[in-house]
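Report on one structure; see the data block that follows.
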Amino acid sequence: MYGIFMESLVILKLYTGLKFLLLLTAIAWLFLFITEKDRKIRILLVYAPIITILLFLFPVSRKVFVATGLDGETYYRILWTIPMGIIFVYAACRLFAAHRRIGLIISAALIMLCGSLVYKSPYISKAENLYHIPDTVVRICDLIEPDHEGERVSAVMPADLIHFVRQYSAAINMPYGREMLVGQWDYYNAVYEAMEKPEVVNMRELLEATRTENCRYIVMAENKQTDVDPVSCGLLLLDKIDGYRVYEDPVTAEALEQQRQEHYGDEE
């Protein structure tokens, strides 16, 4: 039990980062604990967060969480229910309402000194289009999307593109997605194993896997090495787009077209 408690405590520390947001939330919580009179708000912003943290650290809670079939790796998501930002903002508004000048100065100073500019984050970049995804993805998807409305195609994408493709087009299926990028989930996919795992792609193994999954298109980074030229394996190089090569597999394309004709022939 002690070990489970310590693991949960470490998760809590990692989640909060033990930085200024946690300190501000603690100060705001204490302020609301002393001054807040509204019973509903006290339950939501004062009592509920503490109860949530206590239950989170209680070893039996984690045992029950896992016993119900939930993934123990996602236990930290319970902490998402603690509205740390809302607690501080509400407390700051209360302070500002009660003491206009000093409340405004203190609240503004805390936000500026303890916060950070989000635009400095490496995960933030200037939008290239209205979709807020790289133009490269838009160009690749527009190239390979099916001509007939309501139809879908399958394409293999490099790992760095799959998040964006699923946001842009619902007409493009991929044999694997984000689940393959999370190591602890330990999923297996033959196409991913052939495409991403080796430094030098074995084209025979890759095509065997992609054709099994009916992948009509293969998108590869130009710096991705292959044991033989993909064109020599029968693939058609459709275009090179911003460091990516877009191939079409005629074998899969022909098989899919035959299936399409048989399908519409049966309907007729």
Under 3.5 Å, which donor-acceptor pairs do the side chains of residues 43-60 form with other protein atoms, sequence neighbours left out?
{"unit_1": "Tyr47", "atom_1": "OH", "unit_2": "Arg42", "atom_2": "NE", "d": "3.1"}
{"unit_1": "Tyr47", "atom_1": "OH", "unit_2": "Arg42", "atom_2": "NH2", "d": "3.1"}
{"unit_1": "Thr52", "atom_1": "OG1", "unit_2": "Ala48", "atom_2": "O", "d": "2.8"}

(message) Surrounding CD1 of Ile86 (heavy atoms of other residues, nucleotides or ligands, distance under 6.0 Å), is the total greater than 12?
(response) no

(request) Assign the ring pair Trp29 / Phe33 to parallel, tilted or perpendicular, where the plane angle (0 to 90°) is split at 30° and 60°. (result) parallel

(request) Could you please spell out the steps behind the side chain to side chain contact (heavy atoms under 4.5 Å, CB included) verdict for Met220 and Val201? (result) CA-CA 10 Å; Met220 305 180 71; Val201 176; 4.1 Å; yes

(message) Between Arg245 (side chain only) and Ala221 (backbone N and O only), is there a donor and an acceptor less than 3.5 Å apart?
(response) yes

(request) Please answer whether the main-chain N or O of Leu206 pairs with a side-chain N or O of Asn202 as donor and acceptor at a distance below 3.5 Å. (result) no

(message) Test your reading of the model: is there a side-chain donor-acceptor pair from Arg166 to the backbone of Met174, 3.5 Å cut-off?
(response) no

(message) Closer than 3.5 angstrom, by distance alone: can the side chain of Glu196 be matched with the main-chain N or O of Ala159 as a donor-acceptor pair?
(response) yes

(message) Would you say Leu238 ends up clustered with Leu161 if hydrophobic residues are merged whenever their side chains have heavy atoms under 4.5 Å apart, either directly or through other cluster members?
(response) yes

(message) For the backbone of Met203 and the side chain of Asp227, can you confirm whether one donor and one acceptor N or O come within less than 3.5 Å of each other?
(response) yes

(message) Please give me the minimum heavy-atom distance between Asn189 and Pro175, naming the atom from each residue.
(response) ND2-O, 3.0 Å

(request) Heavy atoms only: give me the nearest Val200-Thr226 pair and the separation to one decimal. (result) CG1-C, 3.7 Å

(message) I need the minimum non-hydrogen distance between Pro158 and Met195, along with the two atoms involved.
(response) N-CE, 4.4 Å

(message) Looking at every heavy atom in both Tyr176 and Met157, which two are closest together, and how far apart are they?
(response) OH-O, 3.0 Å

(message) Any donor-acceptor pair under 3.5 Å linking the side-chain atoms of Glu145 with those of Ser169?
(response) yes

(message) Counting only heavy atoms not in Glu257 (residues, nucleotides, ligands), do more than 12 fall under 6.0 Å from its CD?
(response) yes

(request) Indicate yes or no: at least one non-hydrogen side-chain atom of Phe31 is less than 4.5 angstrom from one of Tyr90. (result) no

(message) Please check: side-chain N/O of Asp249 versus main-chain N/O of Arg211, any donor-acceptor pairing under 3.5 Å?
(response) no

(request) Could you go through the side chain to side chain contact (heavy atoms under 4.5 Å, CB included) check for Leu32 and Ile41 one step at a time? (result) CA-CA 9 Å; Leu32 293 177; Ile41 294 178; 5.6 Å; no

(request) Check step by step if side chain to side chain contact (heavy atoms under 4.5 Å, CB included) holds for Ile241 and Leu143. (result) CA-CA 10 Å; Ile241 301 176; Leu143 177 64; 4.2 Å; yes

(message) Between Ser61 and Tyr75, does the side chain to side chain contact (heavy atoms under 4.5 Å, CB included) criterion hold? Intermediate values first, please.
(response) CA-CA 10 Å; Ser61 299; Tyr75 184 63; 3.7 Å; yes

